[in-house]
Visitor: 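Pasting a structure here, questions to come.
Proteins come first, then strands; the chains are lettered A, B, ... in the order of their sequence lines, and each starts at number 1.
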There are 2 protein chains.
Amino acid sequence: MSSILRRRDLSFLLFEWLDVEALLARPRYGGHSRESFDTMLNTCERIATELFATHAKASDEHEPRWNGERVELIPEIQVALRAFGEAGLVAAGHDSDIGGMQLPMVVEKACFAWFLAANVATASYPLLTIGASNLLARHGSPEQVRAFVQPMLEGRFFGTMCLSEEHAGSSLGDLTTRAEPQPDGTYRLFGNKMWISGGEHDLAENIVHLVLARILGGPAGTNGISLFAVPKFLVGADGAIGERNDVSLVGLNHKMGYRGTVNTLLAFGDGKHQPGGAPGAIGTIVGEPHRGLACMFHMMTEARFTVGLGAASLGMTAFLHSLAYARSRPQGRSLRNRKPDSPQIPIIEHADVKRMLLAQKSYAEGAIALELTCARLVDEERTAESTQARTEASMLLEIHTPIAKSWPSEWCLEGTSLAIQVHGGYGYTRDYAVERMYRDNRLNPIHEGTHGIQALDLLGRKVTMNGGAALILLSERIQQSITKAQHLPGLSDDASSLGKALSNIGAVTSGLFQDGDIARALANATLFLQALGHIVLAWTWLDLAVCARQKLEGAQTEDADFYQGKLAAARYFYIYELPKVGPWLEVLAKRDTTTLEMKDAWF
Amino acid sequence: MSSILRRRDLSFLLFEWLDVEALLARPRYGGHSRESFDTMLNTCERIATELFATHAKASDEHEPRWNGERVELIPEIQVALRAFGEAGLVAAGHDSDIGGMQLPMVVEKACFAWFLAANVATASYPLLTIGASNLLARHGSPEQVRAFVQPMLEGRFFGTMCLSEEHAGSSLGDLTTRAEPQPDGTYRLFGNKMWISGGEHDLAENIVHLVLARILGGPAGTNGISLFAVPKFLVGADGAIGERNDVSLVGLNHKMGYRGTVNTLLAFGDGKHQPGGAPGAIGTIVGEPHRGLACMFHMMTEARFTVGLGAASLGMTAFLHSLAYARSRPQGRSLRNRKPDSPQIPIIEHADVKRMLLAQKSYAEGAIALELTCARLVDEERTAESTQARTEASMLLEIHTPIAKSWPSEWCLEGTSLAIQVHGGYGYTRDYAVERMYRDNRLNPIHEGTHGIQALDLLGRKVTMNGGAALILLSERIQQSITKAQHLPGLSDDASSLGKALSNIGAVTSGLFQDGDIARALANATLFLQALGHIVLAWTWLDLAVCARQKLEGAQTEDADFYQGKLAAARYFYIYELPKVGPWLEVLAKRDTTTLEMKDAWF
């Protein structure tokens, strides 16, 4: 059995739980079939297993190095990414008229999870490229699509997101990179960008940077930011690669994990290269002037739930590694037979090890289910028959996004830590993969918007927008699952616990905004994010349990074990995890001001 | 201000809270004074700052390497350890008749915290040496004291603990290293030992291994284990260093953190060196045959709370690093003034950053207070006037030990993670020290007995021994603090919350063992460890708050800020942390069997 992901689990989620085959009736996906989905999943499992997982250790040990002329990466990265491109995987979700496969996003993401689990650092390059190509396909001009998107889909060009600057990370409104309009309609960009993953390498023929910058005369803050496509090499009207653009590498960041992903500080317009004989990085605007952030958010929403999927996939592979270890490692004896001359038992038989494995299973499998739910919502948003269904999918996606980014980043990091703990001292050594997975996963609560930023997005925007419509809709959907589960044997208690948590968070939320003191309402936004996250995951597990219970009837041994595993993980989540929501909501219910009142001098 | 530890805080704990000056009345400590304690603390701060902290990054980057002949370490490690030895710090707690300073352990540990915080990897060498010297001074023969302890106190010999074997880590009873009695009363040892920190190096003239092994004919399991002192080089009756003993390096472990601590797999008696012309590592027995584990536990108890102190010290220095960063990093604006053209504010002004700093402060300062409490109990156990006081100190120490090991290992690791989070992307790079501290701290829940082992020790032994006497005594002590606090303004609610948690855990504990099903009673031992840990920390914070409130009266500005900080951290702990106990105890109250019933095939 693979220790990257479990195909059986993906099939369950896609075809038994999310009813992905129903999408085949929609015109966009009519060219597909259950078989074509299976073929894609098989291909991805194979490439991930043979070309991605195989160099995860090596690319962690030999991180990218700048030799003064170029960024050196171990050769296995390029081999893997070529295979990824040649399999058409960058194009998987794109429209067929530009060469895409029009795969539903839910299948595309299930496919992509194989690469994230096998080698998250190498998977970052296509992650960014797919995101950039989606953004340009939607907001770019026909010229930009021809010049940049087409070669991306062919696997020849890679993409990046250039948002942060050294003094402007979470606070994007403070960025200072400037774009100067040129007579020919292009712009020249000047400024430095920080934390740019995939910012410099020779893995592709070209790198297309999507850069946020200010056009002189625009308003201050986030309303004056525009978006530009700035290639490393200029591209002629015929698609030929031309002159070097004025984008240069200032330095590499050396990270705890994700080491195979080159992470850079880039200078735009430092005059090192002077295209057309003048300094300034030449870029073309994407969308309208000063409206760049809205376009970028299109890419960021997808990037956010893909980051969550990465955290979940790392949690899943770490779980599978520790499960295999726990089955094979003899140590100690049962509390019911402690005779010192009896043989040692595999540690999987110890209650505390089972607890750590169940926790991991409930975190990782639940998180993957959550991310695929989000992808399914994107498909609904795009192809549902009624306007109402599309609008509802869109609202649900909005409120899901900060949770889909944060929850796996927090709990699958914890799961990865438990995977180390199951290994004991061995897990702390670099001989076992869980050590790397833990370091890799520590990035996820930081990039694409920290936990704190996601919490403000959730409570300060998504919950309050349109008079709370998204939260009301989410609550209705959760209530539907409760209604389905409340009379099923073994699930009625869980249904009732979820109902109580739901009405509790509803009451707390109304109370938070009662006096219009926004600073106080948002003071504990992170606890709200955690609480709603755990409630959404409890909902996910209840719904998975309902499905597993139905399928369990008449299932064969191996399948029966699989469904029993789902029921056990759901049980674990309701006994050990959902009750954590209580104390978090208590703090929110009090509208506690401990943090607001804390003074710098008291630290 | 130092970013290693805060001297002000140590003085508060030692002299305002723990009343260490009262110890001066005891004969053992009569040679000391407040001034001599201060001088020691100053010396340690200076050496830690100048020689330990300065190479923490370098020894992380250049980990120990075996060149085929010797283990190469960066030279700064030896320089630091020489200074440590020359300052007499290995001898700090020892009896004066063997050259010790007879410092109270509470002062010794406060001193040692400087080194743990500055560079936990380098501090591991004296940590082990101090532990080994204490064990030998107590259980060794006069010859062993002369041959080994004396040179340890002079800083010339180092010590190790050799317990684990590859197949016997948590399950010590399964170790197979054997000791063969020789006609001259010595033993020859044969077997491999795993995870031996400080097992091979040239930092000292000699390394004294304290090795658990079996003498042929002893009972199986833990009752048949004996303890031996096995030096790397034999030592003559005159103390001269002689022949190489048959102990050789098999390999080095490459770890996530703690990299400056060389960690080895050692072979005893593989015949590579043949002292006296025959294979077998020559050792002398420590204490009685088959009673070695009891002696080793003497070292392990101290090692366990010193591991906790290490976790706490790492949490403290990570807190101070993130505090300095939060004060200096401008990013974003207040929710009460979001004008984009106003200047950015330091992130310490954001509520969520204050939350992360308060959490760290409450974890780290609380954990250091807990560890010093344990050290103070050792002093009581050793020097209290009445037998009853000494017995009570001993019982309290027993029940504190698993918590003192585990609580900081879990929560100060979480604190170190929050220190990264405060730094944002920068914290994930190796340019900032918090990245290393996080990797270092991940070891602490594993070594010296994993969380799971500590949990079984707590619930399966310490709580049940002598009819639950230790837990009853602990509860009485907690109740005394509650009584003191319950009428103080601002603390009465906290006192009452702690009282409820205490009576709750009392009731749960009685219920656990009602039917004699030990496997079921211990199934959730880890949750019990967490719950009692949080209750003990809440007690610690209540007691610290009572002290701070008294001192606050009439305090000057800077001191007033310090005491306000203590009160705020206590408030944070009661609002955000203590309520977590509720859900853990619920699982225990149900005597939940989810983990026991989980089947391997269902995973």
Visitor: Can you tell me which portion of Tyr258(A) sits under 4.5 Å from chain B's heavy atoms? Options are side chain, backbone, both or neither.
Guide: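 The answer is both parts of Tyr258(A).
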
Visitor: Chain B heavy atoms under 4.5 Å from His447(A): which part of the residue, side chain, backbone, both or neither?
Guide: neither

Visitor: Of all of Ser417(B), Ser334(B), Ala326(B), which one pairs up most often with chain A through heavy atoms under 4.5 Å apart?
Guide: Ser417(B)

Visitor: In terms of side-chain heavy atoms, does Glu435(B) have a donor or acceptor partner in Thr429(B) at a distance below 3.5 Å?
Guide: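 The criterion, which ignores hydrogens and geometry beyond distance, is not satisfied for Thr429(B) and Glu435(B).
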
Visitor: Which region of Arg336(A), side chain (C-beta onward) or backbone (N, CA, C, O), has a non-hydrogen atom less than 4.5 Å from a non-hydrogen atom of chain B, or is it both or neither?
Guide: side chain

Visitor: Please examine the side chains of Tyr426(A) and Glu166(B), heavy atoms only from C-beta on, and report whether any two atoms are closer than 4.5 Å.
Guide: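 Touching, per the 4.5 Å side-chain cut-off.
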
Visitor: So which of Pro330(B), Gly257(B), Gly173(B) has the biggest tally of heavy-atom pairs under 4.5 Å with chain A?
Guide: Gly257(B)

Visitor: Quick one: what part of Leu320(A) sits under 4.5 Å from any heavy atom of chain B, side chain, backbone, both or neither?
Guide: neither

Visitor: Between Arg6(A) and chain B, which part of the residue has a heavy atom less than 4.5 Å away: side chain, backbone, both or neither?
Guide: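 Side chain only.
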
Visitor: Hey, which of Ile518(B), Ile420(B), Leu522(B), Thr450(B) has the most heavy atom pairs under 4.5 Å with chain A?
Guide: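 Of the candidates given, the most pairs with chain A belong to Ile420(B).
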
Visitor: Could you check, using the six-membered ring where one of them is a Trp, whether Tyr428(B) and Trp195(A) have ring centers closer than 6.0 angstrom?
Guide: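 No - the distance between ring centres of Tyr428(B) and Trp195(A) does not fall below the 6.0 Å cut-off.
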
Visitor: Please flag which part of Leu567(A) lies under 4.5 Å from any non-hydrogen atom of chain B: side chain, backbone, both or neither.
Guide: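 Interface part for Leu567(A): neither.
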
Visitor: Hey, which of Asp559(B), Asp561(B), Asp9(B) is the one that makes salt bridge (Lys or Arg N to Asp or Glu O under 4.0 Å) with Lys566(B)?
Guide: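 So the option named by the test is Asp9(B).
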
Visitor: Could you look at Leu413(A) and say if it's the side chain, the backbone, both or neither that has a heavy atom under 4.5 Å from chain B?
Guide: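 Interface part for Leu413(A): side chain.
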
Visitor: Please flag which part of Leu443(A) lies under 4.5 Å from any non-hydrogen atom of chain B: side chain, backbone, both or neither.
Guide: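 Both parts, backbone and side chain.
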
Visitor: What part of Asn223(A) lies closer than 4.5 angstrom to a heavy atom of chain B: side chain, backbone, both or neither?
Guide: neither

Visitor: Against chain B, label His451(A) side chain, backbone, both or neither, depending on which of its atoms sit under 4.5 Å from a heavy atom there.
Guide: both

Visitor: Is it the backbone or the side chain of Arg338(A) that comes under 4.5 Å from a heavy atom of chain B, or both, or neither?
Guide: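 Neither part.
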
Visitor: Does any heavy atom of chain B fall under 4.5 Å from the side chain of Ile348(A), the backbone, both, or neither of them?
Guide: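 Interface part for Ile348(A): side chain.
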
Visitor: Checking Phe573(A) against His534(A) for the ring pair (Phe, Tyr, Trp, His ring centres under 6.0 Å) test, could you report, in this order, the C-alpha distance in whole Å, the side-chain angles of both residues, the deciding distance, and whether it holds?
Guide: CA-CA 9 Å; Phe573(A) 201 87; His534(A) 254 53; 5.3 Å; yes

Visitor: Going by atom types only, do Tyr438(A) and Tyr438(B) share a side-chain donor-acceptor pair under 3.5 Å?
Guide: yes

Visitor: Please tell me if the side chains of Asn524(A) and Tyr576(B) come closer than 4.5 Å, counting only heavy atoms from C-beta onward.
Guide: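 In short, these two side chains touch, coming nearer than 4.5 Å.
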
Visitor: Listed by chain and number, what are the side chain to side chain contact (heavy atoms under 4.5 Å, CB included) partners of Ser171(A), not counting sequence neighbours?
Guide: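 Side chain to side chain contact (heavy atoms under 4.5 Å, CB included) check on Ser171(A) returns Asp174(A), Gln331(B), Arg333(B), Gln344(B).
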
Visitor: Examine whether an atom of Met356(A) lies under 4.5 Å from a heavy atom of chain B, and if so say whether it belongs to the side chain, the backbone or both; otherwise answer neither.
Guide: neither

Visitor: Measure distances from Thr557(A) to the heavy atoms of chain B and classify the residue's part below 4.5 Å as side chain, backbone, both or neither.
Guide: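 The answer is neither part of Thr557(A).
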
Visitor: For Arg214(B), what residues pass the side chain to side chain contact (heavy atoms under 4.5 Å, CB included) criterion, not counting sequence neighbours?
Guide: Leu175(B), Ile225(B)

